[in-house]
Structures are given as C-alpha cells and as structure tokens.
Amino acid sequence: MANEIFMPKLSSTMEEGVILDWFKEEGDEIETGEPIFEIMTDKINIEVESYHDGILLKKYFHKDDTVPVNHVIGFIGEQGEEVPDTPPASDEESSADESSSPEQETAAPAQEPETEVSTEKVRATPAARAAAREKNVSLHNVSGSGPKGRIHKADVLSSGSQGKSTPLAEKMASHHGIDTKNVEGTGAGGKVMKNDINALLAESSENRPENVTESLRGVRKVTAERMADSSSTIPHVTMDFEVDMEQVIRLREALKSSVEKATGQKLSYNEIFVLAVSKALQRHPDINITYDKETITYHNEVNVGVAVAVEENLYVPVLKNTERKSLSMLADELKPLIFNTREGRIDSASMQGGTFTISNLGMFAIDSFTPIINKPQGAILGISRMKEVPVVKEGEVKVSSVTTFSLSFDHRVINGAPAAAFCTTLKNLLEEPYELLV
Amino acid sequence: MKTFDIAIIGGGPGGYEAAIRASSFGKKVALIESGHMGGTCLNTGCIPSKTLLRHSEILEDMKQAKDWGIETGDLKLDWSKMASRQNKVVRTLRSGVEGLMKKHKVTVLRGKGYLEPQNAPEGHTINVISDKEEEKIEAAKVIIATGSKPSLPPIEGLDDVDVHTSDSIFSIEELPSSIVIVGGGIIGVEFATIFSSLGVHVTIVELGERLIPTEDEEAASVIRDKLKKSGVDVRVNLSVASVAKEASGKSTRVLLSDESSLETDMLLVATGRHPNTEVIQNTSIDLQKGYIKTNGKLETSLPGVYAIGDVNGKIQLAHTASAEGLVAVNNASGKPVQTIDYHTVPKCVYTLPEIASVGLTEEEARSSYKDVKVSKIPYSSNGKALSSGNTEGFVKIVAEEQFGEILGVTMVGSHVTEMISESVAFMNLEGTVEELAQTVHPHPTLSEAMFEAANNWLNMGIHH
Ligand SMILES: Cc1cc2nc3c(=O)[nH]c(=O)nc-3n(C[C@H](O)[C@H](O)[C@H](O)COP(=O)(O)OP(=O)(O)OC[C@H]3O[C@@H](n4cnc5c(N)ncnc54)[C@H](O)[C@@H]3O)c2cc1C
C-alpha cells in the first residue's frame, strides 16, 4: 500500500507550511532518510525527509503552494500502484497519528521496509546497485552509511574512484591536498590519471574568480522581501547618539559574578542594553508601538527582538515582557535563546510578538549604521562598537569608552521629538545605569 | 553505385587494421589499395628490413662465436637465398593480410582512390581508378591511410644515375661491393647495418651533425661508434652536391659539399618520406606542412573524413598508423569519442645494437621540465648481458624529480626493442620510478637493468 506524505507539523502553533522546493519528481526513487521537499513556516525552513523507500507516485502540491499541516502532499509506494488523483481530504482526527507524519522530532519508525536485494553478501539499495553498475564501482569497495551498513546510492556516488588512481596521480593529489576519491577519473574503469588532477588544478584556478549564483530560499528570501518592503514603505529617520560606557562597564564588572552564581550565565552587555531599552520604552510608550496599515498599537509589555546572524541568515528571536525582568532573568533567557538560534533550534513562535528590535554590531569595527525597521514595529536600535576616545569631562580631556547608538524610527507614526526624547532617556540610563536596578 | 559505411583508402598497417576493426563494429567496409596489401611496412619497410637485419645479427653472433671457440669454417653468403627468404616472409604476411580481409568481409577494391569534391552534405564519393576500369563508390565516412613514399632531394645529376630508395632496394639481385647511403636517419643506419654486415663497403652521408637525430644523443653515438668499428664510413655535416655516372658506366661518382668525392657501386637515398596526398587533390582538405592536417580525433578539416598513419605526418611508424586507425574507426563509428595520445608511442631502431625509446629524450625533458633527474645503467654490469656477450649499451630513465614521473626511457643494446614495452606500460599506467624500483624483475635478464636504473634513480642502487 502506498504511504502518504504529510505536511509536517513542526510546532504546536504551526498551522500551515509553504512548499519551497521539491527535490524529487514523480517517478523518482526515494529512500528512507532522503530529503523529499523543503518547507517554510513563517521564519523556519526545513528539509523534510522520507520515512519510506519507494517511488514518488504523486505530488499534489507544487512549489510555493501553501498546505495545511497534516494534509496529504503526496504518495510514496511501489511502481504502478494506484493513488487518488486528488489529495484525500485531510482528516483532522487522524492528524493525531503523528507517527505517520514525518515530523521532525519523531524517531524513525522501528520497522523499516526491507528493500535491499541480498543475493550477494553486500547490503545495498536497488538505487545503489544501479549506480554501482553505471559507475563501474564494486559494491564491495563501498562502505554503507545506512542501517547495518547498507549501501545507499549516495555512498556509491561519493565513493568516487574508490582508490583507483595511478601512482603518479596519487602522488600529485597528495601533494596538492586533493582526495582522489572526489576526482572523476578518465582512465580505464574511472581510474584517476595525471591529467585528471591537472584538469582539476586548472579548473580550480580558473574557477576561483567565478561568481556563484544561487536562488534565494527560505529565511533569506523572507528576509530579502521584508527588508525591501520595510525600506520602501517606511520613511526611516535615524538618530545617532554617543553614550559614555564607563558606568556600564563598571556595572557589568560589579554584577558579573553574582549573575553567574544565580544563573550560571555570564552577564554580557546585551542584557544591560535590553534592560535599559525596556526601561526607556516604558517611559516612552509612543516608541513601543506597532503600526499596521491603519492602526497604531501601543504595547503595555515590552518584547525586545535581538537580531542574530546565523551564517547567511538573519533571525530575530524575541524576549518577552522584558520590562518585568531583572538582569539575571534576562541573562538566563537571552543566552539560551541566542544559542538555540545559532544552532538552528528555534521555533517560529520564539520569533513573534516583538515590539522593538535591537541590532548589536558591537563585535565588528562599526562606528555607526542605519538599521532597518522590523515591520510592524515602530523603531529599531542599532548598537556599534565601543571605543576609547578623548572626552571632555569637567573641563578636562579624559580617555573614555564610547559607543554610538543609532535609532531608526518610522516617521509616519513617530515624530522626531519623542524619538529624540527616547534617545536621551536611553543615553542617561546607560550613563547612570544604577537607576536600572531600581 | 556501391555504398559503404566506411571506406578506407590505403591498405598499409594503418588502413588494413582499421578495416578489420570497422568490420567487427558491424560496418560495411571498403578498402582501396593501389599496390600490395600491407603497405610500405609489410612490403618495403619494417618487415623486409627486419628480415635482412636478422641475417646481420646471425653474422655478428658468428663472428663473436669464433672468439668463443665455436668455428664453422669459411663464411659463405648467398644473397639470392637471403633475398628469397625475405620475399617469402613478405608474401606469407601479405597473404595473411589478404586472408584477414576476406575473413572480415572487407570489400577490397584494387586501384587508386581519389576523394571527389563533396556534393551532398552527407556521404563522400571516391573514384577508384585502376588500369582496367574506373569505379565510383560512396561512403558515409572515409579514412585516408595512403601512407608515404621516399622523397628524393634535389641533387644535381640524380636523374641520370641509377638511384635506389627503400622502395627498390629490397629487390636488388646482387649485392654491391660498395654503397653510399644518403641520409643518416633510422632507415639509413638500418641499411648501413644490413650492408656492412654482408661485407659491402658502406658510406653514410648525413647533412646534420649526427646520425639518428631523432634519438637520444648518447644512444646515437653508440650506434655511430659501432658502425665505424664495423668499417662504415660515417660522414656528418655534409651533403651531396652532385652525382654522375663514371666513364666506365658501372659506378657512380658522388661529389660532396666539402668537394671531396666518392666512387660507389650503388647509391641509396634515404633522406625522408613524402606523404601520398594525391588522394585529396580534388578536395579542399587542409594540409599542414604538406601532410593532411588532423586533430586529436584524427579528423581532417572535412567532416566525416579522417586521416591516419604516415600521411598525417604525426609519427611515421607502423604502430602509430595502426593505433590511429583504431581511434579513427572508433570515432567514425559513432562510439564514445577517443583521442590519440602520442606521448607514450615507442620508437625502435633495429641496428646492432638496437635502440628503443619512449617519451622524451633527456635533452627534450631538460628543456621542458625544471627538475629532471637521469639514471643510466650500462649493460656491461648486467649478468645476462655479460653471459650472452651483449655488453654494448645502456638503459636510461629520465624522470621528473618531484613525483618521479617517468618522462622518457632510452635503451641501447640487444633485445631492447622487446624490452621497451615495460617502460611503455609504466608510462601509460603512470607508474613512477618508485613503483618501477619495487617491481620484481626476473634474473638473469637484460630487463634487470631497468630495475637497477630505477633504484639508482632513487639513490638506492644495488649494483651501482
Ligand atoms: C625501410 C623502412 C623500414 C621501416 N621500418 C619500420 C619499423 O621497423 N617499425 C615501424 O614502426 N615503422 C617502420 N617503417 C615505417 C612504416 O613502414 C610506416 O610508418 C608505415 O608503413 C605507415 O603505415 P601507413 O598505413 O600510414 O602507410 P603505408 O604503409 O605507406 O601504406 C599506405 C598504402 O596506401 C596505398 N596508397 C597510397 N595512395 C593510395 C591511393 N590514392 N589509393 C589507394 N591506395 C593508395 C599504398 O600503396 C600503400 O600500400 C619503415 C619504413 C621504411 C621505409
């Protein structure tokens, strides 16, 4: 019987997902564990792997289609098996049977279909056998990555020349740090020859200046669209102000050990910034707003989003109700949140409900920048690096650590004066931070 | 009009082997030959020359045997018997080739083939002209394998004297008392070896500064010394200014560029060969320095027409012609494209001792690689060479220092033409000096010299 492929439910709040890409076509062979398609939910995109071996018999939805969770997307089964022409109506009750939906966290079904042909001693999938025949690779020379050492097609393909290279090619490869297994050999039976190494070297030197073109997908695509939308629809005004950080530095030094004792986390400037921003926002409710088409919402709670770059993707996990939290509570929450985001273990719920965003580039040699507002929020704060500069204090030139803060605000709904007043409050809070502890 | 899948023009080692391969690919094949099947190689080249050189080898052995205490009394040479053995060998092989054509159902057309100007986008017409008739055939693909013929240099008086080339020399009825060989290349020195061993006084006149300029200099000098020792008059840096019949009418006077002159019974010109390109005279196929221009797939400038062997001027040796023929047939038959790799084609000179080489000479290697290391082992230290009394010669490995890539091997000595195949295999399979040094060679053999040379290259020689 053919097996359904469902739109997985990746979190308790997830209701639908968008198919970003199909990796397989109808009629393609699929193995357990192979990615079949990629979906996106709000901010997370993930490759969904198959739970079954077989042929992709049916695809009911296409790229960019939005599909409710637990809805049948397609079927995997044996060649020629009958499947319905239209997706079977999704049965809400049956969605409780989550073991049959390829949910991310669920473990693989205990019983795996036994597909390998075991006429020989080698355990290999039919696809692996076909690839081995085509590539003239002996399966005995391929190590399998599947259960019980079963050889998958990918193992055959990555086995490359499988140790077949001429002595000369081998020497050249090891000199240049090339693994001959990854080299396509042109000699008899795919043997890697001197010329193959030379071609690879020539190619890599030719390829160096070549540009890489790839289509935007998932989070990057969403980010791109949101950035363009924000920048083109919101009249941004950015105000820069310098903050003398001497007191913040001292505060952090003073509280470091007690915060660490209480939470096991090291106190960093981020928590102090979040705290100061939360306090300032409470005093300036006209900044802690969201603006949606016609309506402005003034938020009672402060939910601060913190921009986190993970490779080429930008995520903004949100700390909720920061106005009610102490430094140690913030440290306790923010550290794991950032860590999980970097590890790719953040759900979309953790990225929603922000009322203000902080983008801290203090670790880079940046003196100031213009952050782009995270819609529908009304403002965003950019933080640049801390640097020692001569400052005049009480008529004397002294060396002090100074950071430039940059507030971008939506001038449609926030005027210059209240924004400036917020900046001043924030500056004062950071320069006299003991007030934060009150 | 008869139509064929593949028509091959020329039945030498290039053409006839190509025909057999094409037929085993299931193609309908025509082979057009104006002379004898087997071409130059079989009729007036490799085979008759090697047959005669075998006589020279035996004579040399007998001379040596006398010193070892094996005497046979006075030597008697019967040229007519030697010549008839030569002819018999040639005839046997030729009828073998003819038999192969029948066996493989190749249609052999006797006559001179001329490629007609192409008038249809696909297919080619060949006009086959024999004494009796003229016939046009059509073929989808054409392989030109018309070979080459001896070329005569512009020497004053050449038309008025009896002059031999390799085409005619194998048919002489009597041995001359003396012979002047113009040209000290491979063919010239092989004939010098043949005639001097038969007691003919030989003079070689070579324009260049040394004999066999295509081979390693050290190897060539071994041959020069040996020829001189056997009484051959080697004149280098000289050319023939003019030739004329002596008043007696029997002998020929040869005037050299240094104004010295020689009187000789026979004159043999071996100054080079000229490609047989009349076959394409009615087409616009590109030539390169007089040869038919081909690419790595052996294609000419006219789609569907290939050229192999001596006529393309790449490497004028029989085994190159054959190898090219197989590649051309493969490509003409629509199989996955093959290209020819010339850099491991071996070259043999069948003098006494022989020269065999593959790849680059030491000189060539040094001019194109930065770090070249050479290891040379003399035959005189090889047990088998000593026991068989063949101590002349050496083996030389030329390899690049970093990876031990074997760039070339040159060997001089007896049986080196058989021994070179090991080096060819090593180079083809890209074995380096290191693997060669680890390869067990049988004892006692001449081939141990290679083992020794490889180990010596690695500074780990056993006997050196
Ligand atoms: C004395 C001598 C010794 C040699 N010794 C060696 C040796 O030891 N080892 C070695 O490898 N090589 C040797 N060679 C070279 C070798 O003979 C040639 O390289 C080889 O024969 C080339 O083969 P081929 O097929 O290209 O042409 P060929 O052998 O020249 O054959 C071409 C054929 O095409 C025919 N032909 C020409 N034009 C036409 C036409 N228009 N229509 C129909 N038929 C045509 C000719 O009659 C000939 O039979 C020697 C050559 C000579 C002269």
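Quick note on labels: first sequence line is chain A, next is B, and so on, each numbered from 1.
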What part of A:A169 gets within 4.5 angstrom of chain B, counting heavy atoms only: side chain, backbone, both, or neither?
both
Mind checking whether A:H176 and B:F403 have parallel, tilted or perpendicular rings, split at 30° and 60°?
tilted
Just how far is it from atom CG of B:L429 to atom OG1 of A:T166, taken to the nearest 0.5 Å?
8.5 Å
Nearest-0.5 Å distance, CE of residue A:M193 to CG of residue B:N428
7.0 Å
Assess whether a salt bridge exists between A:K171 and B:E405, defined as any Lys/Arg side-chain N lying under 4.0 Å from an Asp/Glu carboxylate O.
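Looking at B:E405 together with A:K171, the answer is no, because their closest N to O distance does not fall below 4.0 Å.
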Tell me, side chain or backbone of B:D341 under 4.5 Å from chain A's heavy atoms, or both, or neither?
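Contact with chain A involves no heavy atom of B:D341 at all.
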Atom [atom1] of residue position [X] - does it have more than 12 heavy atoms of other residues, nucleotides or ligands inside 6.0 Å?
X      : atom1 : answer
B:K297 : NZ    : no
B:E401 : CD    : yes
A:E82  : CD    : no
B:E418 : CD    : no
B:K293 : NZ    : no
A:E214 : CD    : no

Keeping the roles fixed (side chain from B:E435, backbone from A:P167), state whether a donor-acceptor pair exists under 3.5 Å.
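Judged by distance alone, no pair lies under 3.5 Å.
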